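Notes to accompany the following structure.
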Amino acid sequence: MSLRHYLQFSDLNREEYEYLFARSRWIKERFKSYQQYWPLVDRTLVMIFEKASTRTRLSFEAGMQQLGGAAIYLNTRDSQLGRGEPVEDAAQVISRMSDIVMIRTFEQSIVERFSTYSRVPVINGLTNEYHPCQILADIFTYHEHRGDLRGKTVAWIGDANNVCNTWLQAARILDFKVNVSTPPGYELDTALVGGNGNHFEVFADPMDAARGADLVTTDVWTSMGFEAENDERLKDFADWQVDDDMMAVANTGALFMHCLPAHRGEEVTATVIDGPQSVVWEEAENRLHVQKALMEFLLLGQVD
């Protein structure tokens, strides 16, 4: 079996995603019925964190243990990576002592460099540019509630950040459309979008982006690393709040998602995130199940 990494959503094709969604469903059913499933006994996951997280650490660490393996947490304060060891050297050492590595860091180039020198699969747990595991969970959640996203419309409201970039990659691979609305000055980086112009449309007015959408999704206005801009962003994003009026112009039965943590009263109102169209808690839980399926796939290939 050839070595595979998961650094961007575009690293897998549609058929592989269909397999992962089916596998996630099976693994989740086993979990919910308290049936032990340990395909990764004696396998070790190393989790490297340059950016702190609740959901990423919990979902990967619990997930690996639930598959029968072990997980080791490293942050750059406690490792030589934080003391200037080259990424390439760290990759060669860490990958000789483990079976799979997850990295949550800043620049995408860090996970790319690490994977080049790694002997084991590497997973992008988040970078400034992309967040593929989050969108994997989001799309699986949509499948659970509404079925295939093919031909549907997702409305992205807010900052053109790593989550937005990943939605656009997913749209091209899985054949759906993304309506993007960002405040002036926070537009898409076309270099990260790639050649999927047929799968997204940009709207100046967020209400127009949400109109007729099957899924409305957003993120915090101030992502990690941009805290110094918080006051300015609160003003710039004021009209990009997802509220009941915005959800009302989406399709009947449209879902609301948010990758969390959320700031009620900023990017979303409490009535939306805590309302009947919200699936944010299932979405958060599904990080656990899709990442278990992903780790199994990267280590064992497709399982019958």
Side-chain angles (χ1 to χ4, degrees), residues 55 131 134-135 137-171 174 176-189 193 196-197 199-223 226 229-284 286:
R55 278 152 293 277
H131 198 356
Q134 181 63 55
I135 303 310
D138 292 359
I139 296 174
F140 176 64
T141 305
Y142 190 89
H143 274 236
E144 285 189 311
H145 288 267
R146 298 287 185 266
D148 199 339
L149 254 178
R150 189 197 292 256
K152 305 291 188 182
T153 298
V154 175
W156 176 266
I157 310 297
D159 194 12
N161 62 10
N162 50 3
V163 183
C164 177
N165 293 335
T166 310
W167 269 115
L168 295 174
Q169 283 195 344
L174 301 179
F176 58 89
K177 183 186 175 190
V178 182
N179 291 348
V180 178
S181 184
T182 66
Y186 300 91
E187 293 87 355
L188 290 170
D189 181 344
V193 169
N196 67 341
H199 288 92
F200 78 94
E201 187 174 354
V202 174
F203 293 84
D205 187 337
M207 292 294 283
D208 291 336
R211 190 164 283 110
D214 302 287
L215 167 62
V216 179
T217 185
T218 189
D219 196 357
V220 294
W221 289 342
T222 305
S223 296
F226 295 92
E229 302 175 8
N230 188 57
D231 291 344
E232 183 179 356
R233 283 172 173 258
L234 288 177
K235 297 174 185 175
D236 293 344
F237 283 79
D239 293 332
W240 274 261
Q241 182 185 78
V242 180
D243 58 15
D244 291 320
D245 291 339
M246 191 174 290
M247 293 302 298
V249 302
N251 276 343
T252 302
L255 300 178
F256 172 77
M257 291 189 190
H258 191 305
C259 60
L260 303 176
H263 298 148
R264 289 168 177 79
E266 291 185 15
E267 73 274 3
V268 61
T269 62
T271 54
V272 169
I273 195 170
D274 299 317
Q277 291 174 285
S278 174
V279 291
V280 297
W281 315 121
E282 295 95 326
E283 176 190 4
N286 281 335

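Here the structure is a predicted model, which means the values were calculated and not measured.
- Residues I273 and L260 are in side-chain contact: their nearest non-hydrogen atoms beyond the backbone lie under 4.5 Å apart.
- Applying the side chain to side chain contact (heavy atoms under 4.5 Å, CB included) test to N251 and every residue at least two apart in sequence or in another chain returns D214.
- Remark: D159 engages R233 in a side chain to side chain donor-acceptor pair (under 3.5 Å) (not counting sequence neighbours).
- Residues forming a salt bridge (charged side-chain N to carboxylate O under 4.0 Å, His left out) with E144 (at least two apart in sequence, or on another chain): K28.
- Atom-to-atom distance recorded for N161:CG and W156:CH2 is 4.5 Å, nearest 0.5 angstrom.
- From R146, atom CZ reaches atom NZ of K152 across 9.5 Å, with rounding to the nearest 0.5 Å.
- With Q277 contributing its side chain and A254 its backbone, the two residues share a donor-acceptor pair below 3.5 Å.
- Listed by chain and residue number, Y186, E232 satisfy the side chain to side chain contact (heavy atoms under 4.5 Å, CB included) test with D236 (two or more places apart in sequence, or in another chain).
- By the 4.5 Å heavy-atom criterion applied to side chains, L174 and L149 are not counted as neighbours.
- Listed by chain and number, the residues in a side chain to side chain donor-acceptor pair (under 3.5 Å) with T182 amount to none (sequence neighbours excluded).
- Note that CG of D205 is 7.5 Å distant from CH2 of W240, once rounded to the nearest 0.5 Å.
- Between the CZ atom of F176 and the CG atom of L215 there is a distance of 8.5 Å, given to the nearest 0.5 Å.
- Residues that satisfy the side chain to side chain contact (heavy atoms under 4.5 Å, CB included) test with A209, not counting sequence neighbours, are I157, N179, S181, F203.
- Taking the side chain to side chain donor-acceptor pair (under 3.5 Å) definition, one finds that H258 meets it with E267, sequence neighbours left out.
- Separating the CH2 atom in W167 from the CG atom in D138 is a distance of 5.0 Å, to the nearest 0.5 Å.
- Applying the salt bridge (Lys or Arg N to Asp or Glu O under 4.0 Å) test to residues at least two apart or on different chains, none of the pairs has a partner in residues 237-255.
- For A270, the side chain to side chain contact (heavy atoms under 4.5 Å, CB included) criterion is met by R264, D274, not counting sequence neighbours.
- Counting heavy atoms from C-beta outward, L168 and V180 have side chains that approach closer than 4.5 Å.
- The closest donor-acceptor contact from the side chain of T166 to the backbone of H131 lies under 3.5 Å.
- Considering only heavy atoms from C-beta on, T218 comes within 4.5 Å of F256 through its side chain.
- In this structure, Y142 and M257 have side chains that are in contact, with non-hydrogen atoms separated by less than 4.5 Å.
- Remark: K177 pairs with E201 by the salt bridge (charged side-chain N to carboxylate O under 4.0 Å, His left out) rule, at least two apart or across chains.
- For Q241, the side chain to side chain donor-acceptor pair (under 3.5 Å) test picks out no residue, with sequence neighbours left out.
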